[in-house]
2 protein chains.
Amino acid sequence: MQISKGVEWAVHAASLLNGLPAGRGLKAEAMARYHDVPAAYMAKQLQALSKAGITKSSRGAHGGYRLAKPADEISLWDITAAVDGKGPAFRCTEIRQNGPCGLKPKDCKQACQIAAAFAVAEQAFRDSLEAVTLADIAGQVVNDAQPDHLFAIMNWLNAETVPLSDKGL
Amino acid sequence: MQISKGVEWAVHAASLLNGLPAGRGLKAEAMARYHDVPAAYMAKQLQALSKAGITKSSRGAHGGYRLAKPADEISLWDITAAVDGKGPAFRCTEIRQNGPCGLKPKDCKQACQIAAAFAVAEQAFRDSLEAVTLADIAGQVVNDAQPDHLFAIMNWLNAETVPLSDKGL
DNA sequence: TTAAATCGGATATTAAATATCCGAATAAAG
DNA sequence: CTTTATTCGGATATTTAATATCCGATTTAA
């Protein structure tokens, strides 16, 4: 049971986007460089975020990414689901219907007890992640950070961000 | 984020062991046949259960497996951890320390906010699974099943189980 | 003592996650 | 309006982990 590395990168990237000034964007390569990770693979995660409606992108010269909605409407679960999929972690293959004592399909109208228990646990996991938004993360980071570190980030963002075109949003 | 198929098999196998008469055992091949799954791979899961102290095994002629402790002391999390490992699903690689604005190690004494949020969610997941024991599963299954189905299982177990030797326990 | 039977760890195979590349699309400059 | 530089998006390799299998170590019963 592993969460893909892409989820970590995607959350960090989204947090970074949250920090940039209004009306400006950041390209995938810059975000990869900021975190010192392979650019092409970071780009893949950002595509997943755009597909899920978490980020918006604009192509061409001076293109880039920005958040598609307020940070307090983007939960950690939203990002996890966008990158790793929203399917259940426990996949019941109904082996209770197999073998010499297998149940008949008509006696399997309610879910397998084992699968049901895992579904409850996964729901608890999701609920916990849904309760944490990008805004929460950002707030904690700002609180804990040294002032000069925040200043350094601001400077870097000012140098790297581009004003997004009107169409691109 | 996927839970391996082996976990499903292991839980079903453990449930089956819970149903067998006191002092008797069941070999890996029989459990595989009962669920109509590959014997060698089922065996692998049972080895993991034994290693974790959930089952006890005895080798040689008339060998087999049995539960190592009462069913109400074996939780779904115990089995999941035995088969899939107990490591965290979200693996923080500390990319906050990377790149042009990376944090210094001395400023990273407390865990990354993102990793912390995932740790909370995973704890909720574990807590939920720890609250469900094999005894709970067995109780629900017995309640829901048709009497003739339970009878069929009993007959099959009587035919397949072997009396475990004294040493083997 | 012997031999059959079973578990346990080591070994192939397949699927998924990881990483990369190239074409489609867009906007700015000429 | 055309051209060109730039960026995203989907399609394509590579590596890792999950899946499946096999053979030797060990134990018990005959």
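Numbered from 1 within each chain, the chains take letters A, B, ... in sequence-line order.
Residues satisfying the side-chain contact (heavy atoms from CB on, under 4.5 Å) criterion with B:Lys51, sequence neighbours excluded, are absent altogether.
Between B:Gln123 and B:Asp127, the side chains place a donor N or O and an acceptor N or O closer than 3.5 Å (distance only, hydrogens not considered). When only modelled atom types and interatomic distance are considered, B:Thr133 and B:Glu73 share no side-chain donor-acceptor pair under 3.5 Å.
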Its contact letters, B for base, S for sugar-phosphate only and - for none at protein heavy atoms under 4.0 Å, make nucleotides 6-22 of chain C read BBBB--------BBB--
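With rounding to the nearest 0.5 Å, the separation of CG in B:Leu134 from CD1 in B:Ile79 is 4.5 Å.
A 4.5 Å side-chain heavy-atom check between B:Gln45 and B:Ser50 finds every atom pair outside the cut-off.
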